[in-house]
J.: 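My questions all concern the structure below.
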Protein chains: 2
Amino acid sequence: MTLTDLRYLVALARERHFGHAAERCNVSQPTLSVAIKKLEDELAVTLFERSAADVKITDIGARIVAQAEKVLLEAGQIKELATAGRDPLSGPLKLGVIYTIGPYLLPHLIPRVHGAAPSMPLLIQENYTARLAESLKRGDLDVIVVALPFEEPGIVTQAVYDEPFRVLMPAGHAWEADAAIPAARLAEAPLLLLGAGNCFRDQVLEVCPLCRGGEGLQRTLEGSSLETIRHMVATGAGITVLPSSAADPLPEGNPLLTVRPFEAPEPFRRIALAWRVTYPRSGAIDVIRAAILGSPLQGVRPVTR
Amino acid sequence: MTLTDLRYLVALARERHFGHAAERCNVSQPTLSVAIKKLEDELAVTLFERSAADVKITDIGARIVAQAEKVLLEAGQIKELATAGRDPLSGPLKLGVIYTIGPYLLPHLIPRVHGAAPSMPLLIQENYTARLAESLKRGDLDVIVVALPFEEPGIVTQAVYDEPFRVLMPAGHAWEADAAIPAARLAEAPLLLLGAGNCFRDQVLEVCPLCRGGEGLQRTLEGSSLETIRHMVATGAGITVLPSSAADPLPEGNPLLTVRPFEAPEPFRRIALAWRVTYPRSGAIDVIRAAILGSPLQGVRPVTR
DNA sequence: GGTTGGCAATAGTGATTAACTATACAACGT
DNA sequence: ACGTTGTATAGTTAATCACTATTGCCAACC
């Protein structure tokens with residue numbers, strides 16, 4: 001029993017004439033005859049009474065035809081679904097973002113994606129890189145925004161932008177006089193850091209060779225989010241390092257804080273998109289990338305590769 | 001897209017492993033691989049993300065699988081219907097009976113059919129032979145009970161029983177003294193006949209050669225049914241001829257009527273079943289025939305052929 | 001009563017498809 | 001680097017599907 005057979009069946013039920021039904025199905029009369037006979041043999045029931053005068057459908061035949069029509073209808077829905085789902089910009093996209101990007105990127109990203117792909121709602125999760133990677137590999141996420149380096153088997157990455165680091169200090173801090181801060185000087189001050197697990201924490205520690213030793217860390221305090229740390233800095237608890245997208249937008253609005261760039265070579269992080277090599281909706285990823293690059297993130301430099 | 005393809009599709013969706021899914025479908029892994037790929041090409045969507053680690057279903061793939069399951073379910077219903085309908089004794093049987101048999105046969109027939117084929121309800125129509133023949137050919141009826149001769153293209157008949165004719169007269173009638181009535185004598189009395197269209201009317205007229213001429217009919221009156229005529233006879237309006245099944249059951253219960261057989265050769269009518277040659281439920285017809293023969297119809301002789 | 005005409009069934013053939021086995025290829029993990 | 005696991009591809013065979021041509025069957029018609 002094939003879908004073609006069922007199509008022949010309903011055509012014959014409608015036309016009550018093998019020749020006409022065959023014509024309507026664009027096949028020859030014997031083709032349809034044989035197919036119907038095959039169906040009858042397979043089901044072991046007589047579906048039609050053939051006589052010279054006309055073709056009559058049997059009682060059981062009528063019921064089976066009705067069911068066949070239902071099958072064909074449902075099968076047609078498959079094509080409909082496929083057509084509707086063919087557009088990579090249709091259907092929800094599960095997006096993961098690390099904690100140190102989400103709050104600054106998403107407010108810009110979401111309306112842009114919605115504008116570019118109105119029928120692609122975003123399902124967003126913020127988490128640590130490691131957790132995002134897990135979800136991505138499991139298929140719980142489709143695309144993630146993370147900082148490089150990021151290497152996972154089966155996962156491809158595409159750098160999107162570079163983002164310089166900034167030094168954030170309380171207003172009136174001694175370093176306020178300097179236009180740019182040398183990275184090594186971070187070791188001198190109580191440095192507020194994110195908790196373990198945040199990749200940005202490690203990146204900051206990379207910046208200052210002196211901080212890297214175990215003793216250096218004795219001078220640091222830990223906060224749970226960049227926002228928390230910013231508040232702590234404002235109260236004079238210490239200084240910190242922020243990515244420019246988190247640091248630059250605020251000094252105007254906050255008299256308690258001062259932001260300074262690093263001296264060259266400016267430390268920075270490279271932000272990338274990552275997805276499974278097998279992920280088929282590359283068009284959706286393009287939209288995300290374009291939306292990120294279109295977002296007004298302070299101080300970032302697009303990576304044109 | 002075939003039903004087989006859809007079976008492969010749902011198997012893969014369940015197993016998430018080409019090899020296992022293929023095994024479950026009793027085909028080789030390449031067979032299933034190719035089928036899925038063919039489906040994806042045909043629908044122009046990616047249904048699964050293949051990677052070394054595992055097989056992930058895409059968003060659209062999941063929706064299509066759900067729909068495929070629905071299709072397969074409905075298709076399975078077709079087989080169910082066929083199995084249920086395979087029994088010729090299941091499903092209603094449309095039975096036609098001529099007016100001069102119905103009232104005497106049906107009360108016996110119906111419980112017997114119901115006993116032999118409980119899931120075969122009878123849809124019964126009483127009518128003239130000509131009308132029954134029309135309905136039978138159109139397919140509005142499946143089987144009819146008629147008197148022979150009955151010849152129609154595409155229709156086969158099977159004699160079931162012979163039924164002798166009886167003379168019905170008012171109690172105290174002059175012929176009451178005779179044990180049997182010669183057919184020719186019918187011309188002497190006012191003969192009550194059914195209206196035109198009833199085959200039994202014509203059969204009665206055949207019995208008596210003298211009645212056949214135009215003049216003979218002047219002695220007749222017409223009634224609308226055998227029961228009506230019987231009442232008319234009881235009032236002394238004339239005599240009539242009845243089939244034995246209509247005549248024999250009653251004399252005990254009705255002191256106003258007398259029944260006498262004909263002299264040999266006893267006139268009789270041959271009752272038969274008729275159906276379209278193409279009608280597939282021969283088992284149902286056998287049941288009807290058996291039920292008729294099992295009915296206690298007075299005076300009838302089964303036709304064993 | 002033979003004949004004709006319409007229609008479905010069958011025969012026979014070719015093309016397509018679906019299945020197999022064997023093997024290549026890709027990606028991880030040791 | 002190599003082995004393992006798992007999917008894709010190649011190549012072949014068998015089955016199926018669809019075609020044309022023809023037969024067979026009724027019923028209708030002359």
Side-chain angles (χ1 to χ4, degrees), chain A residues 1-9 11-13 15-42 46-58 61 133 137-138 151-156 275-280, chain B residues 1-9 11-13 15-42 46-58 61 133-134 136-138 151-156 275-280:
Chain A
M1 183 172 65
T2 73
L3 291 172
T4 309
D5 292 338
L6 298 185
R7 267 184 281 274
Y8 295 165
L9 175 64
L12 181 57
E15 300 287 335
R16 320 231 132 161
H17 186 290
F18 280 74
H20 299 166
E23 194 175 350
R24 177 169 289 225
C25 295
N26 299 310
V27 295
S28 68
Q29 170 263 313
T31 297
L32 193 134
S33 266
V34 169
I36 297 290
K37 181 152 185 45
K38 182 171 70 73
L39 245 187
E40 288 183 325
D41 288 349
E42 185 178 342
T46 304
L47 299 172
F48 296 94
E49 284 185 47
R50 289 90 151 157
S51 66
D54 62 344
V55 174
K56 286 187 191 60
I57 190 158
T58 63
K137 284 197 279 188
R138 268 206 313 276
E151 302 261 335
E152 290 287 338
I155 304 294
V156 292
W275 61 91
R276 294 182 297 281
V277 267
T278 55
Y279 188 65
Chain B
M1 182 172 66
T2 73
L3 290 172
T4 309
D5 293 337
L6 298 185
R7 268 185 279 274
Y8 295 164
L9 175 64
L12 181 55
E15 300 288 335
R16 322 232 129 159
H17 186 289
F18 280 74
H20 299 165
E23 194 174 351
R24 176 168 290 224
C25 295
N26 299 308
V27 294
S28 69
Q29 170 264 313
T31 296
L32 194 135
S33 266
V34 168
I36 297 291
K37 183 155 184 45
K38 181 172 69 74
L39 245 187
E40 288 183 324
D41 289 349
E42 184 178 341
T46 304
L47 299 172
F48 296 95
E49 287 184 46
R50 289 89 153 157
S51 66
D54 62 346
V55 173
K56 286 186 191 62
I57 191 158
T58 63
E134 262 317 299
L136 183 63
K137 284 198 279 189
R138 269 205 312 275
E151 303 262 334
E152 290 285 338
I155 304 295
V156 290
W275 62 90
R276 295 182 296 281
V277 268
T278 55
Y279 188 65

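Per chain, numbering begins at 1; letters A, B, ... match sequence-line order. Since we're looking at a predicted model, the values are computed, not measured.
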J.: To the nearest 0.5 Å, what is the distance between CD1 on A:I36 and CG on A:L9?
T.: 5.0 Å
J.: Nearest heavy-atom pair of B:A21 and B:L32: which atoms, and what distance?
T.: C-CD1, 3.7 Å
J.: Between P on D:dG6 and CD on B:E49, what's the gap in Å once rounded to a whole number?
T.: 18 Å
J.: Is there a side-chain polar atom (N or O) of B:S33 under 4.0 Å from OP1 or OP2 of D:dA8?
T.: yes
J.: Using modelled atom types only, decide if a donor and an acceptor are shared between the side chain of B:R276 and the backbone of B:L136 within a distance under 3.5 Å.
T.: yes
J.: If you take any heavy atom closer than 4.0 Å to DNA chain D, which residues from residues 16-25 of chain B end up in contact?
T.: B:H17, B:F18, B:G19
J.: For B:R7 and B:C25, work out which heavy atoms get closest and say how close.
T.: O-SG, 4.2 Å
J.: Is A:R50 near enough to C:dA9 that one of its side-chain N or O atoms lies under 4.0 angstrom from OP1 or OP2?
T.: yes
J.: Does A:L47 offer a backbone N or O that forms a donor-acceptor pair with the side chain of A:T58 under 3.5 Å?
T.: yes
J.: Output the distance between atom OG1 (A:T278) and atom NZ (B:K56), rounded to the nearest 0.5 Å.
T.: 6.0 Å
J.: Using 0.5 Å steps for rounding, measure from the CG atom of A:L12 to the CZ atom of A:F48.
T.: 4.0 Å
J.: Round to a whole Å and report the spacing from CD1 of B:I36 to C1' of C:dT17.
T.: 17 Å
J.: Just how far, in rounded Å, is P of C:dA18 from CG of A:L3?
T.: 12 Å
J.: For the pair made of CG in B:L47 and P in D:dA8, what is the distance, rounded to whole Å?
T.: 12 Å
J.: Nearest 0.5 angstrom please: B:R50 CZ to B:K37 NZ, how far?
T.: 7.0 Å
J.: Nearest whole angstrom, please: distance from the P of D:dG6 to the CD of B:E15.
T.: 13 Å
J.: Between A:K137 (side chain) and A:I155 (backbone), is there a donor-acceptor pair under 3.5 Å?
T.: no
J.: Can you check the B:L39 CG to C:dA18 P distance for me, whole Å?
T.: 10 Å
J.: Polar-atom pairs under 3.5 Å, protein N or O versus N or O of nucleotides 26-30 of chain C: list them with distances, or write none.
T.:
unit_1 : atom_1 : unit_2 : atom_2 : d
C:dC28 : OP1    : A:G154 : N      : 2.8
C:dC28 : OP2    : A:G154 : N      : 3.4

J.: Report, as a single string ordered 5' to 3', how protein heavy atoms within less than 4.0 Å touch nucleotides 10-20 of chain D: B base, S sugar-phosphate only, - not at all.
T.: -------SSBB
J.: Determine the minimum heavy-atom distance between B:V156 and B:V277, stating which atoms define it.
T.: CG1-CG1, 3.0 Å
J.: Of the non-hydrogen atoms in A:K38 and A:M1, which two are nearest, and what is the gap between them?
T.: NZ-N, 4.5 Å
